[in-house]
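Below is one structure, written out as structure tokens; the observations come after it.
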Amino acid sequence: MYIKKIQGAMEAIFSSSLFTFSFFLVVGSVIVYFILKFDKQQRQKMSKLVAETRDVQPLLMAKAINHKLKTIKPELNSDSRRDIAKQLDELVAAYDRGQVTLPDYCHKLNSLLSMVA
């Protein structure tokens with residue numbers, strides 16, 4: 001008899017529209033809280049990643065520069081090309097010191113490559 005009273009009270013509570021609304025309000029609020037928390041974590045990770053990679057050179061341009069250097073260097077062995085070799089050495093040294101930006105370095109290597117070819 002006591003169990004039937006409890007079951008009746010539980011049925012009355014769970015069938016109440018106020019309880020249903022409150023239940024979904026609480027569950028929905030918890031879900032929204034976890035979504036916002038996850039979003040905040042992802043934004044922090046993204047900001048950290050952007051800050052770490054801000055000064056990293058573009059990979060494809062760096063690969064293109066390496067390819068150009070490998071193409072130019074074997075062509076500079078003859079005496080008639082000592083001037084181009086000197087320009088290349090000065091350009092590489094200036095880039096290593098940070099005096100030339102990556103796009104300018106790539107452009108100047110293109111002009112040296114056209115002189116060699």
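Given the structure is predicted, the values throughout are model-derived calculations rather than measurements.
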Measuring from L109:CG to H67:NE2, what's the distance to the nearest 0.5 Å? 12.0 Å

Non-hydrogen side-chain atoms of I72 and M115 separated by less than 4.5 Å: no

K108: which residues meet the side chain to side chain donor-acceptor pair (under 3.5 Å) condition with it, sequence neighbours left out? none

Heavy-atom closest pair, residues V100 and Y95: O-CD1, 3.4 Å

Going from CG on L112 to OG1 on T71, what distance comes out if it is rounded to the nearest 0.5 angstrom? 12.5 Å

Atom CG of L91 and atom CG of D96: how far apart are they, to the nearest 0.5 Å? 9.5 Å

Any side-chain heavy atom of Q87 within less than 4.5 Å of one from D83? yes

Qualifying residues under side chain to side chain donor-acceptor pair (under 3.5 Å), relative to T101, sequence neighbours excluded: D104

Let me confirm one number: the CG-NE2 distance from N110 to H107, rounded to the nearest 0.5 Å. 7.0 Å

How long is the straight-line distance from CG of L69 back to OH of Y105, given to the nearest 0.5 Å? 4.5 Å

Option among Q41, K37, R43 that satisfies the side chain to side chain contact (heavy atoms under 4.5 Å, CB included) test with D39: R43

Using the rule that two of Ile, Leu, Val, Met, Phe, Trp, Tyr join whenever any of their side-chain heavy atoms come within less than 4.5 Å, decide whether F24 and I35 are in one cluster. yes

Once side chain to side chain donor-acceptor pair (under 3.5 Å) is applied, do any residues pair with Q99, and if so which ones, sequence neighbours excluded? R97

Shared hydrophobic cluster, I31 / F23 (ILVMFWY, side-chain heavy atoms < 4.5 Å): yes

Student check: side-chain heavy atoms of Q44 and K40 closer than 4.5 Å: yes

